[in-house]
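Everything quoted here is computed from the prediction, not taken from an experiment.
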Amino acid sequence: MPVEFIGLVRTKPASELNSTTSTLGDDIIDSAYVREFAQAHEQADFDKVLIGYSSNSPDGFTVASFAAAATERLGFLIAHRPGFVAPTLAARKAATLDHFTNGRIAIHIITGGSDADQQKDGDWLDHDNRYRRTDEYLEILRRTWTSDTPFDYEGEFYRVKDAFSAIKPLQKPHIPLYFGGASSPAVKVGAKHSNVYALWGEPIAAVKERIAEVRAALPPDRSIRFSVSLRPILGATEQEAWEKAHSILARIQELRGGAKIAPTARPQAVGSQRLLDFAAKKEVYDKRLWTPIAAATGAAGNTTALVGTPEQVAEALVDYYDAGVTTLLIRGFDPLEDAIAYGRDVIPLVRKEVARRDQQVVAAKS
């Protein structure tokens, strides 16, 4: 199966190297930068870019619309939290944008792993109830996209009567749904509704376990693909890559005053907790999965790195492909320059090796 590459587009130049906040200053919009950043990803042969979500970040649908107008092929994975827009309205908004972008959008469902961030938008449901609400939300969303006749729905969180949308997605049967979450309730809902289940950059053995867990939860006749998120740090030599990695870590620690994450400050998100647990046990897993930046940032987002030469990082990415991952979400600590470097030095190597393996499989079957 072909491998899919996803990057990340922000609305201003920002990363952990110049900010300590989780939103990294996304309250400021630099339209010229968004245009340049999106075009750089397209030229680097990324398939999509993720547009993130937080309680104080710009609206992802609007960012995607602007960036799509500046590109021709690049897709947009729009992070979206259920619960703040009615699912029927979200379905129409997404379907409309799907047409105007010529089928270039996907939706990344983020149920929410922080009570505090949810409460900023007036949501007071606890973790497990949020996932039960997401289950209903996605049921209505998908039916709105696909139903040829009006339908009723009555659940715990949503109730609609004669719901119908005249605008259907350009993509069939509907806009792709990506899904994130590491808890047991997340696995149940994601396996039921999503096309791609997103995992953070854990050791390969753990990724295999997560994949098996999600597949075991799949309803009959459903298939699913998997994504993993990583932060490649490249060097012309392996030594240079490690020197760069330690320089990045030192800068992040400097910004945070060298403070370590106290047990009482552990994040609520189960995925973040898992990354911190891995970081507490070892600094390096597999060939070159490096965890100290996750420890230094409280695992705020995908913060585990692959450190090495382009050839070594490409080899490590292919190892995840061999584990069952077909989508690779990679982003750097110098976002724009790293995206260009990945397109020049890493993505072609991975695509070439995956294509070679696929050809071997076809030849073996013929």
Side-chain angles (χ1 to χ4, degrees), residues 3-26 30 33-52 67 74 76-77 79 198 200-201 227-238 240-255 275 284 287-297 299-318 320 327-351:
V3 65
E4 176 184 52
F5 278 96
I6 301 180
L8 176 76
V9 163
R10 288 190 173 278
T11 58
K12 64 169 288 186
S15 80
E16 293 89 344
L17 297 183
N18 55 26
S19 175
T20 60
T21 64
S22 61
T23 55
L24 305 180
D26 256 358
D30 182 338
Y33 178 77
V34 174
R35 184 184 299 108
E36 180 184 15
F37 206 5
Q39 291 172 347
H41 278 87
E42 183 165 79
Q43 292 164 8
D45 199 28
F46 281 84
D47 297 284
K48 294 182 177 71
V49 288
L50 172 66
I51 300 170
L74 188 67
F76 299 92
L77 179 58
W200 277 351
S227 168
V228 69
S229 300
L230 297 152
R231 308 288 290 272
I233 299 175
L234 306 178
T237 65
E238 185 171 10
E240 182 181 310
W242 282 110
E243 289 173 354
K244 182 177 179 181
H246 286 289
S247 175
I248 290 171
L249 176 61
R251 173 57 179 163
I252 291 172
Q253 291 173 330
E254 177 187 0
L255 281 173
L275 291 189
V284 180
K287 295 173 181 174
R288 54 197 67 262
L289 180 69
W290 194 53
T291 65
I293 292 177
T297 59
N302 62 304
T303 42
T304 46
L306 292 177
V307 183
T309 66
E311 293 79 10
Q312 290 171 330
V313 168
E315 180 183 34
L317 290 170
V318 172
Y320 282 97
T327 292
L328 299 168
L329 196 160
I330 56 174
R331 62 187 181 101
F333 293 96
D334 186 355
L336 176 56
E337 293 304 318
D338 284 342
I340 294 170
Y342 298 158
R344 181 185 63 237
D345 301 327
V346 176
I347 291 176
L349 295 177
V350 176
R351 291 199 192 278

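- Comment: R231 engages E16 in a salt bridge, judged by a side-chain N to carboxylate O separation of less than 4.0 angstrom.
- F46 is not listed as a side-chain neighbour of I6, based on a closest heavy-atom distance of 4.5 Å or more.
- Using a 4.5 Å heavy-atom cutoff, the side chains of V284 and L289 are not in contact.
- Looking only at side-chain heavy atoms (C-beta outward), V228 and T327 stay at 4.5 Å or farther from each other.
- Closest of all the heavy-atom pairs between V34 and A67 is CG1-CB, 4.3 Å.
- Among pairs with a residue in residues 332-346, none fulfils side chain to side chain donor-acceptor pair (under 3.5 Å), at least two apart in sequence or across chains.
- For D47, the salt bridge (charged side-chain N to carboxylate O under 4.0 Å, His left out) partners at least two apart in sequence or on another chain are R351.
- Listed by chain and number, the residues in a side-chain contact (heavy atoms from CB on, under 4.5 Å) with S247 amount to none (sequence neighbours excluded).
- Looking only at side-chain heavy atoms (C-beta outward), Y320 and V3 stay at 4.5 Å or farther from each other.
- In this structure, W290 and L249 have side chains that are in contact, with non-hydrogen atoms separated by less than 4.5 Å.
- Taking 4.5 Å as the limit, some side-chain heavy atom of I252 sits within range of a side-chain heavy atom of T297.
- Rounded to the nearest 0.5 Å, atoms CZ (R35) and CG (D30) are 9.5 Å apart.
- Considering every non-hydrogen atom in both I347 and A44, the closest pair reads CD1-O, 3.6 Å.
- Nearest heavy atoms, P335 versus A14: CG-O, 3.5 Å.
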Less than 3.5 Å apart, which donor and acceptor atoms pair up between the side chains of residues 300-318 and the rest of the protein, not counting sequence neighbours?
from	atom 1	to	atom 2	distance (Å)
N302	OD1	R331	NE	3.0
N302	OD1	R331	NH2	3.0
T303	OG1	G301	O	3.3
T304	OG1	G201	O	2.7
T309	OG1	E311	OE1	3.4
T309	OG1	Q312	N	3.1
T309	OG1	Q312	OE1	3.4
Q312	OE1	T309	N	3.0
Q312	NE2	E238	OE1	3.2
E315	OE2	K287	NZ	3.3

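- Here the side chains of V350 and F5 are in contact, with some heavy-atom distance below 4.5 Å.
- Not counting sequence neighbours, E36 has no partner by the side-chain hydrogen bond (donor to acceptor under 3.5 Å, both in side chains) test.
- Distance check: L230 CG to L329 CG gives 8.5 Å after rounding to the nearest 0.5 Å.
- For the atom pair T11 OG1 and F37 CZ, the distance stands at 10.5 Å (nearest 0.5 Å).
- Taken to the nearest 0.5 Å, the NZ atom of K244 stands 11.5 Å off from the OG1 atom of T237.
- Distance check: K48 NZ to L50 CG gives 11.5 Å after rounding to the nearest 0.5 Å.
- Residue R10 holds its CZ atom at 9.0 Å from OH of Y33, rounded to the nearest 0.5 Å.
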Mind running side-chain contact (heavy atoms from CB on, under 4.5 Å) on V49 and L8 for me, showing each step along the way? CA-CA 5 Å; V49 288; L8 176 76; 5.9 Å; no
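- With sequence neighbours excluded, the residues forming a side-chain contact (heavy atoms from CB on, under 4.5 Å) with A198 are H108, S227, listed by chain and number.
- Proximity of a side-chain donor or acceptor of T291 to a complementary backbone N or O of A294 within less than 3.5 Å is not detected.
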